[in-house]
Amino acid sequence: MNIKRRNSQRGISFLGLLFLGVVLALLGIVGARVVPTASEYMTIQKAVKKAAAEGGTVPAVRAAFDRTASVDYIDSIAGKDLEVTKDGDKVVVSFAYDKEIPLFGPAYLLIKYRGSSAEGYR
């Protein structure tokens with residue numbers, strides 16, 4: 001008779017499971033705080049592209065962005081924060097802002113968002 005025995009058990013211990021649960025919960029909390037800022041960044045990117053297409057002058061681009069920002073609830077930047085330049089005959093609008101997300105105590109997560117109407121997402 002050829003019987004194979006397993007001398008050790010396979011699986012995760014209770015303490016390992018508890019540690020894994022805590023790590024997953026922390027990642028979930030951080031993710032829940034980061035997702036809205038990433039969504040706002042994508043909304044800002046669309047608003048900048050729309051403003052660049054609509055406006056021909058710097059005040060017109062900023063006004064178009066402010067109109068879109070008021071409808072889409074964009075709070076991180078305003079039209080005055082945009083950098084408007086010309087590339088040939090094309091209007092290029094770029095922006096940059098930082099977002100601090102409080103984690104716990106003195107710890108923060110800093111995300112630096114940058115974008116332009118001439119480029120895709122960076």
Exercise: identify the closest heavy-atom pair between Phe65 and Ala51: N-CB, 3.8 Å
Rounded distance [0.5 Å steps], OG in Ser76 versus CZ in Phe95: 10.0 Å
Neighbour count >12 (heavy atoms, 6.0 Å) for atom NZ, Lys112: no
Joint hydrophobic cluster, Phe19 plus Leu27, side-chain heavy atoms closer than 4.5 Å: yes
Shortest non-hydrogen contact from Ser117 toward Val92: OG-CA, 3.5 Å
Heavy-atom pair with the smallest gap, counting every atom of Arg62 and Leu82: NH2-O, 3.0 Å
Salt bridge (Lys or Arg N to Asp or Glu O under 4.0 Å) involving Lys99 - partner list, sequence neighbours excluded: Glu40
Listed partners of Glu83 passing salt bridge (Lys or Arg N to Asp or Glu O under 4.0 Å), at least two apart: none
Rounded distance [0.5 Å steps], CD1 in Ile44 versus CD1 in Ile77: 4.5 Å
Under the side-chain contact (heavy atoms from CB on, under 4.5 Å) test, residues paired with Leu109 that sit two or more places apart: Val30, Val34, Ile101, Leu103, Ile111
Nearest heavy atoms of Val48 and Ser116, plus distance in Å: CG1-C, 4.4 Å
Non-neighbouring partners of Tyr97 that pass ring pair (Phe, Tyr, Trp, His ring centres under 6.0 Å), sequence neighbours left out: Tyr113
Main-chain N/O of Ala69 paired to Asp72 side chain as donor or acceptor, under 3.5 Å: no
Counterpart residues, salt bridge (Lys or Arg N to Asp or Glu O under 4.0 Å), relative to Arg67 (two or more places apart): Glu54
Rounded distance [0.5 Å steps], CZ in Arg114 versus OH in Tyr41: 10.0 Å
Considering all heavy atoms, the nearest Pro36-Ala32 contact: CD-O, 3.2 Å
Over 12 foreign heavy atoms within 6.0 Å of CG, Asp98: yes
Contacts of type salt bridge (Lys or Arg N to Asp or Glu O under 4.0 Å), residue Asp75, not counting sequence neighbours: none
Distance in Å, Ile29 CD1 paired with Leu24 CG, rounded so as to fall on 0.5 Å steps: 11.5 Å
